[in-house]
Protein chains: 2
Amino acid sequence: MADASITRTRILNACRALLESDAGAVTRMSDVAKAAGVSRQAVYLHFKTRAELLIALTRHIDEVEHVEERLVASRSATGLERLDAYIEAWGAYIPVIYPVGQALMAMAPTDDAARLAWDDRMNAMRQGCEAAVKALAMAGRLRAGLGEKPATDMLWTLLSVRNWESLVQDCGWDQTRYIKDMKALSRAYLCAEIIDA
Amino acid sequence: MADASITRTRILNACRALLESDAGAVTRMSDVAKAAGVSRQAVYLHFKTRAELLIALTRHIDEVEHVEERLVASRSATGLERLDAYIEAWGAYIPVIYPVGQALMAMAPTDDAARLAWDDRMNAMRQGCEAAVKALAMAGRLRAGLGEKPATDMLWTLLSVRNWESLVQDCGWDQTRYIKDMKALSRAYLCAEIIDA
DNA sequence: AATACGCTTGACATCGTGTCAAGTTGCTGT
DNA sequence: ACAGCAACTTGACACGATGTCAAGCGTATT
C-alpha cells in the first residue's frame, strides 16, 4: 500500500512519535522534518500538505497496529456479545489513533481535507455501531420503541473519541473502567438493562 | 459588567451573528469588523486578541440570555428532580452558546487563553453536575458502588457540548429527544434505572 | 561518463493575527 | 469659540506557519 521508501517511513514514524509525546502541543511540519532528520522540503516531497501527512499517518498506524484484525474479531459474535466485542475492540483502539486523531480534529475546522478524512473514519466506525445494533435487533434484544437509527446514533456518540478523551484523559479514568462502563451504558440504553456494580 | 460602549456591543453582536450563521466556517477578525461596520483596528481597540473577543462574547451571551437565572432554578430541586432540572436547563443552554463554544474549542489546541477560558466554563458546568450527583447521593438514589467522582465524571461527559453536537447537529436529533434521552441515560447510569420507551 | 533520482538549500508567496504611528472627527468643558 | 481629549480610521509592517519554486549536489545505475 502506497510506497514505503525509507525516508517516507521515517517521516511517518517521527510524526507519530511527536504527536504521541507532545500530547497537546501543535506539531509543525518543520518539527516533523527535524525529528526525522530530514529537510522540511523532503517532507513536502512525500506529502503535499500537512493534512495529507496526518491522513497517511492514520493509514500507516492502521497497518502497523492491525486495525482490521482487531475489529474483524467482533464481527463473528452475535447479539449482546457482539456489542461487547465491538466496544472492547474499538475502545482498545482509540488510545492508539488518539494522537493523530487529535491533530486531525484540531485542524478539521479550517481544513476541508482533514475534516473529510476524519469524518470518513468516524463513518467507518459508525458502520461497526450499526452492525452491532443490527445484531442486537436480530437477537430481539433491542429495547422496545427504540429504532435502529437512534440506537446507532447514540452508540456512535457514546463511543466517540471525545468521550474517551473526556473520561480517560481529562478525568483520569482507567482504560478498563472506561470499557466496563461503556459496555454497561450501551446495554442500558440499547437493551434497557439495569447497571449493577 | 465590563464597559458597554456602542461600538463594543456592535462588534459583539456582529461576531455572534457571524458565528451563528457561518456555522462551521472560520470567522476572521476582518469579517467581524466588516459585519460590525467598523475598521479591523477598532476591533483590536476593544479586544486585544481574537481569543479575548470570543471570551467576552461568551460573557455577553451569558448576560443577554440570563444563564444564571436558567441554571439557578435547578438548584432548588432535590434528588432526581434536581438532575432532571439541571439537564433541562443546561441542555437548553447548549444551543445558545454552541456557536461561540465551537469557535473557542477550535482554537483551543493552539491558543492557551482560549483553552483556559473554555476549560473554565466546562469546569463551572462540572460543578452543576457535581451538585446534581450530591443531591442524588443525599436522597439515597445514587447507584450502589458508584462513587461521586466517577458519577460526576460520567454525567459531565454525557452532557458535554460535543455529545450534543454529535446527536443534534450531526445525527439530526430533535432537541426534545436529546433532553429526554440524556435524562434517561443519566438516570440509568447514576441510579441504575431501567430505560422505558 | 551521462543520466536520473532523492534530497538539500534558500528564497519567496500567502494568509491571518497582532502592532504601530499618524491622521480625522466629534464631543466636552471653560 | 476653541483647546483638548477620546474614539475611530488608514495604511504600513512584523511574525509564524504553510506551501511553492528553482537550482544544486551526491550517488547508484546503465
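Numbered from 1 within each chain, the chains take letters A, B, ... in sequence-line order.
- Salt-bridge check for A/Asp31 with A/Arg28: passed, with a basic side-chain N closer than 4.0 Å to an acidic carboxylate O.
- For A/Thr7, whose side chain is taken as the heavy atoms from C-beta onward, the closest listed nucleotide among D/dC8, D/dG19, C/dG6 is C/dG6.
- Rounded to whole Å, the distance from CZ on A/Arg28 to P on D/dG19 is 14 Å.
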Quiz prompt | Chi angles and distances behind the side-chain hydrogen bond (donor to acceptor under 3.5 Å, both in side chains) call for B/Asp181, A/Tyr189 | solution = CA-CA 9 Å; B/Asp181 281 29; A/Tyr189 187 81; 2.3 Å; yes
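- Regarding B/Tyr44, its OH atom lies at a distance of 11 Å from the P atom of C/dG16, rounded to whole Å.
- In this structure, B/Met29 places its CE atom 19 Å from P of C/dC15, rounding to the nearest Å.
- Within the 4.0 angstrom heavy-atom criterion, only backbone atoms of the sugar-phosphate kind lie near A/Thr49; the bases stay farther away.
- In A/Glu148, the CD atom is crowded: over 12 heavy atoms of neighbouring residues, nucleotides or ligands sit closer than 6.0 Å.
- Between B/Leu53 atom CG and C/dG16 atom P there is a gap of 16 Å when expressed in whole angstrom units.
- With B/Trp164 as the partner, the ring-ring contact (aromatic ring centres under 6.0 Å, His included) test is satisfied by one option alone out of B/Tyr98, B/Tyr93, B/Trp90: B/Tyr98.
- Salt-bridge check for B/Asp112 with B/Arg115: passed, with a basic side-chain N closer than 4.0 Å to an acidic carboxylate O.
- Remark: A/Arg187 pairs with A/Asp84, A/Glu193 by the salt bridge (charged side-chain N to carboxylate O under 4.0 Å, His left out) rule, at least two apart or across chains.
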Quiz prompt | Secondary structure of DNA chain C in dot-bracket form (Watson-Crick or G-U wobble, distances below 3.5 Å, | marking inter-strand pairs) | solution = ||||||||||||||||||||||||||||||
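- Spacing between atom CZ of B/Phe47 and atom P of C/dT17 amounts to 15 Å, rounded to whole angstrom units.
- At least one donor-acceptor pair closer than 3.5 Å links the side chain of A/Asn163 to the backbone N or O of A/Leu158.
- Per the geometry, CZ belonging to A/Arg50 stands 15 Å off P belonging to D/dT20, to the nearest Å.
- Looking only at distances, a side-chain donor or acceptor of A/Glu52 sits under 3.5 Å from a matching main-chain atom of A/Lys48.
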Using nucleotides 8-13 of chain C, report all nitrogen or oxygen pairs with the protein that are shorter than 3.5 Å.
| residue | atom | partner | partner atom | Å |
| --- | --- | --- | --- | --- |
| C/dT8 | OP1 | A/Ser39 | N | 3.2 |
| C/dT8 | OP2 | A/Ser39 | N | 2.8 |
| C/dT8 | OP2 | A/Ser39 | OG | 2.5 |

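- For the pair A/Asp31 CG and D/dT18 C1', the computed distance is 13 Å after rounding to whole Å.
- Taking only side-chain nitrogens and oxygens, B/His46 never comes nearer than 4.0 Å to OP1 or OP2 of D/dA7.
- Remark: side-chain polar atoms of A/Trp156 are paired, donor with acceptor, to backbone N or O of A/Met122 under 3.5 angstrom.
- Atom-to-atom, CG of A/Leu54 to P of D/dT18 comes out at 10 Å; the value is rounded to the nearest Å.
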